[in-house]
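Quick note: residue numbers are just sequence positions, from 1.
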Amino acid sequence: MPSKVLLVNTLAETIQDAQEMVPPGFELVVAEPGSPGYAVALAEADYLLGNVRGMDDAFYRAASRLRLVQLFSAGYDHVDLDAARRAGVPVANNGGANSRAVAEHTILLMLAVYRRLVHQHEMTAGGRWRGNQPMPNFYEMHGKTLGIIGYGTIGKRVARIAAGGFDMNIQYNDIVRLSEDAEDALKVRYRLLPELLRTSDIVTLHVPLTSLTRGMINAAALAYMQPHAVLINCSRGPVVDFSALHDALTSGRIAGAGLDVFPTEPPSPSEAVLSLENVVLTPHLAGASRETRTKQTRNAFDNVLRVARGERPLWVVPELRDMTLRAL
């Protein structure tokens with residue numbers, strides 16, 4: 001009897017990728033939570049691929065055969081980690097499948113804020129032609145200091161693009177500090193958080209949402225930043241205190257921001273930050289490239305095969321790496 005892999009992401013392209021990649025000896029079942037047949041599919045599933053909200057104790061009791069929850073996202077703030085630990089079911093994120101897309105999008109937002117891209121588009125489309133006139137609030141990224149908060153897979157990719165393509169000086173802050181030899185090899189330097197905020201021209205956030213990172217960019221943190229500095233957030237919205245960010249952007253405390261994520265998604269149209277001219281916004285799509293979908297599906301089945309062979313899966317979220325696995 002083949003092992004059953006339940007795919008809960010019913011995006012057509014993802015289903016097609018999964019159907020093409022499902023290994024021999026496994027049966028792929030597609031069912032959206034709440035749809036007819038989902039409860040039966042969950043009860044029979046050995047592996048679950050995709051993101052499901054409400055994975056509490058009742059969820060794991062209903063999924064009594066489950067051996068792995070394989071997320072398609074890098075973030076896992078929607079996961080009940082305590083319930084997963086009690087159930088003995090490892091939860092793995094996407095293994096950096098979206099890291100290149102997010103890194104490229106991060107650079108896009110930096111450039112868009114520095115060159116006031118949205119304003120230029122609106123001006124040109126509205127018939128207000130400026131031509132090749134001097135623009136005192138245009139900046140080049142070359143030679144600037146980039147502060148990366150969260151130096152994981154995505155943060156490192158951002159650093160490589162920024163250093164290699166724009167000759168930026170890279171500094172980072174992370175709970176995991178590199179050795180001095182590793183910093184030398186990567187041409188980066190560790191900085192304490194206030195030091196990084198105070199000395200960076202651009203600050204970019206690439207941290208998971210945890211109790212430690214929620215609201216970490218607050219009024220006190222923003223007060224360290226330079227008046228010409230720019231904040232980029234492609235991680236999670238609640239990492240930033242939006243009220244404090246609005247105050248900083250309107251008072252001239254910082255120069256601008258590029259935001260792909262928001263405390264509430266979708267954000268309310270009345271959210272004050274959305275109306276500011278020195279902000280560039282995108283709708284939480286930094287990692288949503290066509291290539292990402294293929295890589296995340298490939299990584300998911302790689303992990304399924306590892307668990308099927310009796311090995312521990314890759315990319316288990318840090319809080320669950322020492323857990324005792326469910327005995328089946």
Report the C-alpha separation of Y190 and Y172 in whole Å, then their side-chain angles, then the decisive distance to 0.1 Å, and conclude whether the ring-ring contact (aromatic ring centres under 6.0 Å, His included) test is met. CA-CA 5 Å; Y190 173 83; Y172 76 98; 5.6 Å; yes
Ignoring hydrogens and angles, tell me if any N or O in the side chain of D260 forms a donor-acceptor pair with the backbone of H284 under 3.5 Å. yes
Taking all non-hydrogen atoms of both residues into account, name the closest pair between F301 and P23 and its distance. CD2-CD, 3.5 Å
Main chain of V317, side chain of N93: is a donor-acceptor contact present, judged purely on distance under 3.5 Å? no
Please answer whether the main-chain N or O of R115 pairs with a side-chain N or O of Q120 as donor and acceptor at a distance below 3.5 Å. yes
Going hydrophobic residue to hydrophobic residue with side-chain gaps under 4.5 angstrom, can you get from L205 over to Y151? no
Could you tell me the separation between the CG atom of N233 and the CZ atom of F262, rounded to the nearest 0.5 Å? 9.0 Å
Between L274 and P267, which heavy-atom pair has the shortest distance, and what is it? CD2-CG, 4.1 Å
Atom CG in L197, atom CZ in R191: separation rounded to 0.5 Å? 13.0 Å
Is D184 paired with R189 through a side-chain N to carboxylate O contact shorter than 4.0 Å? yes
Pair R253 + D247, salt bridge at N-O below 4.0 Å: no
Checking the side chain of N303 only, and the main-chain atoms of L314 only, is there a donor and an acceptor separated by less than 3.5 Å? yes
Under 3.5 Å: donor-acceptor pair, side chain of R326, backbone of S64: yes
So, does R85 use its side chain to make a donor-acceptor pair with the main chain of E319 at under 3.5 Å? yes
Okay, side chain of N98, backbone of T292: is any donor-acceptor separation there less than 3.5 Å? no
I need the T297 OG1 to M21 CE distance, nearest 0.5 Å. 5.5 Å
Hey, any chance V304 and V29 share a hydrophobic cluster, counting ILVMFWY side chains that come within less than 4.5 Å of each other, even indirectly? no
Within one Ile-Leu-Val-Met-Phe-Trp-Tyr cluster: I232 and V240, side-chain cutoff 4.5 Å: no
Would you indicate whether the side-chain heavy atoms of I170 and I148 approach each other to under 4.5 Å? yes
Is the side chain of N278 donor-acceptor paired with the backbone N or O of L249 at a distance under 3.5 Å, no angle test? yes
CE/M225 to CD1/I202 distance, rounded to the nearest 0.5 angstrom? 9.5 Å
For residues Y60 and V52: do they belong to one hydrophobic cluster (side chain heavy atoms under 4.5 Å, members Ile, Leu, Val, Met, Phe, Trp, Tyr)? yes
Please confirm whether the backbone N or O of V5 pairs with a side-chain atom of E27, one donor and one acceptor, at under 3.5 Å? no
Spacing of T210 atom OG1 and R236 atom CZ [to the nearest 0.5 Å]: 12.0 Å
Please check if atom CZ in F26 has more than 12 non-hydrogen atoms from other residues, nucleotides or ligands closer than 6.0 Å. yes
Derivation of the side-chain contact (heavy atoms from CB on, under 4.5 Å) call for F166 and I107: CA-CA 10 Å; F166 299 92; I107 299 296; 3.8 Å; yes
Side chains of S200 and Q171 only: does a donor on one sit below 3.5 Å from an acceptor on the other? yes
Does I175 have more than 12 heavy atoms from other residues, nucleotides or ligands lying within 6.0 Å of its CD1? no
Take atom CD in E13; do more than 12 heavy atoms of anything else shown fall under 6.0 Å from it? yes
Residue pair K4, D46: steps toward the salt bridge (charged side-chain N to carboxylate O under 4.0 Å, His left out) verdict: CA-CA 5 Å; K4 292 191 176 182; D46 300 285; over 6 Å; no
Are R214 and D241 close enough, and set up right, to give a salt bridge (charged side-chain N to carboxylate O under 4.0 Å, His left out), and what steps lead you there? CA-CA 8 Å; R214 184 179 294 273; D241 179 333; over 6 Å; no
Output yes when a side-chain donor or acceptor of N169 lies under 3.5 Å from a complementary backbone atom of L146, and no otherwise. no
Closest approach of H78 to S73 (non-hydrogen atoms, all atoms of both residues): CE1-OG, 3.9 Å
Ion pair check, R306 and D302, cut-off under 4.0 Å: yes
Inter-residue atom distance R61.CZ - D56.CG, 0.5 Å rounding: 7.5 Å
Grouping I, L, V, M, F, W and Y whenever their side-chain heavy atoms are under 4.5 Å apart, do L209 and L81 come out in a common cluster? no
Which heavy atom of L222 sits nearest a heavy atom of A248, and at what distance? CD1-CB, 4.0 Å
Check this for me, if you would: do D17 and R290 make a salt bridge, where the nitrogen-to-carboxylate-oxygen distance has to be below 4.0 angstrom? yes
Donor + acceptor pair across side chains of T153, R157 (<3.5 Å): no
